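No hydrogens, no waters, no symmetry mates; every other heavy atom, side chains included, goes into these values. For the single chain, residues carry numbers from 1 onward in sequence order. Since this is a predicted model, take the numbers as computed values, not measurements.
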Amino acid sequence: MRKIVYLIAIAIAFTSCSEYQKALKSEDTGVKYTMAEQLYNEGKYSKANRLFEQILPKYVGKPQGERVMYMYADAAYQVNDYYLAAYQFERFANSYPKSSKAQEAAYLSAKATYLTSPKFSLDQTETYDALNKLQNYINKYPNSEYLQETNQLVQDLTQKLEKKDLEIAKQYKKTFKYKSSIKSIENFLVDYPGSELKEEALFVKLEATYELAVNSFEYLIKDRLEQAQEAYDDLIKYYPNTSFSDEATKIQESITEELSKRS
């Protein structure tokens, strides 16, 4: 009995595969459309999209065009082809602005772009593209059902950029480029005033300012130590119970000691 079921399953799979291959080679757009839709409904998105790709140009301006374009974009999204999905969903939203799915398509285009954003250590072009798309979506659909999730995506991407900028400042410090590190932190604090990384950023600024001071020519040390003291004061002002207390206190004590020698 099991052997019979197995053979039937093989026969069905072979027939299905054969029909799919015939549809791919067919010159009949209707045959391709029927097979593509069937495969899409069965969740066989990769196969469906090979057919959608063939027939989409032929349905531009026709009643079925809206449905074909949406299925093509969604199938790409389902198989994690986010670059294609982002492009096709955006194209759908622009081509069918009055469609009941236009808002959803605009959201999914932005989300697909969000999903192309790489880890923070890599180039962030896609991250900026995604932020731009998400913000445009929020501006266009302020009452969207996807608003909460859209705001969360924006927050995720912003935090990624914050981490990258902070890591750049830390790298400058590690390579003894203290002035560049300090400048990077100052820009960070302006760009991301409410960042969850603000405490660490202020501590990095303290470290860089102190290291710059003690590695300066003698005539510059006093002024730069005073700047380091200001950096310490800023850290304690915003974070009196800072998690960097031990390290910061040691630096502050050293600042006080060095300043006392030059008073």
Side-chain angles (χ1 to χ4, degrees), residues 33 36-57 59-61 63-168 188 191-197:
Y33 175 88
E37 186 172 36
Q38 176 185 326
L39 291 169
Y40 174 84
N41 291 332
E42 292 174 355
K44 298 175 181 177
Y45 301 114
S46 294
K47 286 186 174 183
N49 259 8
R50 288 189 64 188
L51 292 164
F52 284 135
E53 184 177 11
Q54 291 181 352
I55 65 175
L56 183 60
Y59 280 100
V60 174
Q64 303 98 318
E66 177 180 343
R67 180 167 175 78
V68 171
M69 188 178 292
Y70 183 88
M71 288 190 292
Y72 184 32
D74 186 55
Y77 186 89
Q78 296 299 331
V79 296
N80 305 331
D81 189 348
Y82 296 125
Y83 288 100
L84 177 60
Y87 172 75
Q88 291 298 339
F89 274 128
E90 182 176 26
R91 185 182 176 194
F92 178 92
N94 292 333
S95 299
Y96 303 99
K98 296 182 179 180
S99 170
S100 61
K101 290 187 173 294
Q103 183 179 151
E104 179 186 11
Y107 166 71
L108 289 173
S109 176
K111 185 173 182 180
T113 307
Y114 161 87
L115 291 168
T116 68
S117 174
K119 60 182 181 180
F120 77 91
S121 59
L122 300 177
D123 179 78
Q124 295 299 303
T125 298
E126 286 89 351
T127 301
Y128 287 108
D129 288 345
L131 279 170
N132 185 54
K133 277 191 173 184
L134 289 164
Q135 190 58 58
N136 287 340
Y137 179 81
I138 291 171
N139 294 340
K140 188 171 183 179
Y141 302 105
N143 300 313
S144 167
E145 63 181 293
Y146 304 108
L147 185 60
Q148 183 175 350
E149 184 173 354
T150 303
N151 284 327
Q152 183 61 55
L153 299 181
V154 169
Q155 183 177 338
D156 291 347
L157 295 178
T158 302
Q159 288 175 342
K160 182 182 294 187
L161 295 178
E162 291 173 10
K163 187 172 183 180
K164 183 176 183 66
D165 287 354
L166 181 56
E167 288 300 318
I168 289 172
F188 177 94
D191 294 339
Y192 312 109
S195 172
E196 294 180 357
L197 299 175

Distance, nearest 0.5 Å, that separates [atom1] of [X] from [atom2] of [Y]:
X      : Y      : atom1 : atom2 : answer
Met69  : Asp74  : CE    : CG    : 14.0 Å
Lys111 : Thr116 : NZ    : OG1   : 13.5 Å
Leu166 : Gln159 : CG    : CD    : 13.0 Å
Asp165 : Glu162 : CG    : CD    : 8.5 Å
Gln78  : Met71  : CD    : CE    : 13.0 Å
Leu134 : Gln152 : CG    : CD    : 11.5 Å

Minimum heavy-atom distance between [X] and [Y], given as atom pair plus value:
X      : Y      : answer
Val79  : Ser46  : CG1-OG, 3.5 Å
Leu147 : Pro142 : CD2-O, 3.1 Å
Ala75  : Asn49  : CB-OD1, 3.2 Å
Ala106 : Ala93  : N-CB, 4.1 Å
Asn80  : Tyr82  : OD1-OH, 2.8 Å
Pro118 : Lys160 : O-NZ, 2.7 Å

Fill in: With Tyr114 via ring-ring contact (aromatic ring centres under 6.0 Å, His included) - residues at least two apart
none
Tell me whether the count of non-hydrogen atoms from other residues, nucleotides or ligands lying under 6.0 Å of [atom1] in [X] goes above 12.
X      : atom1 : result
Lys163 : NZ    : no
Tyr146 : OH    : yes
Gln148 : CD    : no

Decide yes or no for [X] and [Y]: does some side-chain heavy atom of the first lie under 4.5 Å from some side-chain heavy atom of the second?
X      : Y      : result
Phe188 : Ile168 : no
Ser121 : Glu167 : no
Thr127 : Phe120 : no

For [X] and [Y], which I'm curious about, is there any donor-acceptor pair between the side chains at under 3.5 Å?
X      : Y      : result
Glu145 : Tyr107 : no
Thr150 : Tyr137 : no
Asn41  : Glu37  : no

Item to complete: List the steps, then state whether side chain to side chain contact (heavy atoms under 4.5 Å, CB included) holds for Asp191 with Leu161.
Response: CA-CA 10 Å; Asp191 294 339; Leu161 295 178; over 6 Å; no
Listing, residues 50-57 side-chain donor-acceptor contacts under 3.5 Å, not counting sequence neighbours, or none:
residue: Gln54; atom: OE1; partner: Lys32; partner atom: NZ; Å: 2.5

Where the side chain of [X] meets the backbone of [Y], is there a donor-acceptor pair that is under 3.5 Å apart?
X      : Y      : answer
Tyr96  : Glu66  : yes
Gln124 : Leu122 : yes
Ser117 : Thr113 : no
Asn132 : Tyr128 : no

Item to complete: Any salt bridge (Lys or Arg N to Asp or Glu O under 4.0 Å) involving residues 118-143? Give me the pairs, sequence neighbours left out, ordered by first then second residue.
Response: Glu90-Lys133
Practice prompt. For the pair Leu197 and Tyr192, evaluate side chain to side chain contact (heavy atoms under 4.5 Å, CB included) and give the outcome as yes or no after the intermediate values.
Written response: CA-CA 9 Å; Leu197 299 175; Tyr192 312 109; over 6 Å; no
Worksheet item: What's the verdict on ring-ring contact (aromatic ring centres under 6.0 Å, His included) for Tyr59 and Tyr33, showing C-alpha distance, side-chain angles and the deciding distance?
Response: CA-CA 10 Å; Tyr59 280 100; Tyr33 175 88; 5.5 Å; yes
Worksheet item: Do you know which of Tyr70, Phe92, Phe89 makes side chain to side chain contact (heavy atoms under 4.5 Å, CB included) with Glu104?
Response: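 Of the listed options, the one satisfying the test is Tyr70.
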Worksheet item: For Tyr45 and Asp81, what are the C-alpha separation, side-chain angles and deciding distance, and is it a side chain to side chain contact (heavy atoms under 4.5 Å, CB included)?
Response: CA-CA 11 Å; Tyr45 301 114; Asp81 189 348; over 6 Å; no
